[in-house]
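These notes are about the structure you will find just below.
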Amino acid sequence: MTADDYYRRGNEYRRQGDWQHAIDCYMEAIARDPQSPAAAAKQMLDDILGYYHRDAYNP
């Protein structure tokens with residue numbers, strides 16, 4: 001799979017509310033291509049989860 005494939009899969013998981021799998025896919029996309037849009041998507045999830053689930057989420 002390519003970085004773009006992992007990014008798209010991460011987006012699907014995010015739409016379903018499966019945050020952990022979305023982050024895992026974004027991380028894999030970033031590992032394969034550091035310039036992937038997954039970097040911005042992961043940062044967005046980190047910000048959201050850090051704000052709403054401060055006690056449960058520890059990046």
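Hydrogens, waters and symmetry mates are skipped; everything else that's a heavy atom, side chains included, is used.
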With a cut-off of 6.0 Å (strictly less than), are more than 12 heavy atoms of other residues, nucleotides or ligands near CD of Q16?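 More than 12 heavy atoms, drawn from other residues, nucleotides or ligands, come within 6.0 Å of this atom.
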
Is it the case that over 12 heavy atoms from other parts of the model lie below 6.0 angstrom from the CZ atom of R14?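 Enclosed: over 12 neighbouring heavy atoms sit under 6.0 Å from CZ of R14.
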
From T2 atom OG1 to D33 atom CG, the distance as rounded to the nearest 0.5 Å: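 One gets 9.0 Å once the value is rounded to the nearest 0.5 Å.
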
Spell out, yes or no, whether L45 and Y6 are grouped together once hydrophobic residues are joined by side-chain heavy atoms under 4.5 Å, including indirect joins.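 Result: no, two separate clusters.
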
Dump the intermediate steps for side chain to side chain contact (heavy atoms under 4.5 Å, CB included) on C25 and Y13, then the final yes or no. CA-CA 9 Å; C25 287; Y13 282 127; 3.7 Å; yes

M1 versus R9: any side-chain heavy-atom pair under 4.5 Å?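 Contact flag for M1/R9 side chains = yes.
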
Does the side chain of K42 reach to within under 4.5 Å of the side chain of I30, using non-hydrogen atoms?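 Side-chain contact under 4.5 Å: yes.
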
Where is the tightest heavy-atom contact between Y7 and Y26, given as atom of each residue plus distance?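 Closest approach of Y7 to Y26: O-CE2, 3.6 Å.
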
Considering all heavy atoms, the nearest A29-A3 contact: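 That closest heavy-atom pairing would be CB-O, 3.3 Å.
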
Is a side-chain donor or acceptor of N11 paired with a backbone partner of R8 at a separation under 3.5 angstrom?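 Checking the backbone N and O of R8 against the side chain of N11, no donor-acceptor pair under 3.5 Å is found.
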
Salt-bridge test for R32 and E28: reply yes if a basic N is under 4.0 Å from a carboxylate O, no otherwise.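 Yes.
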
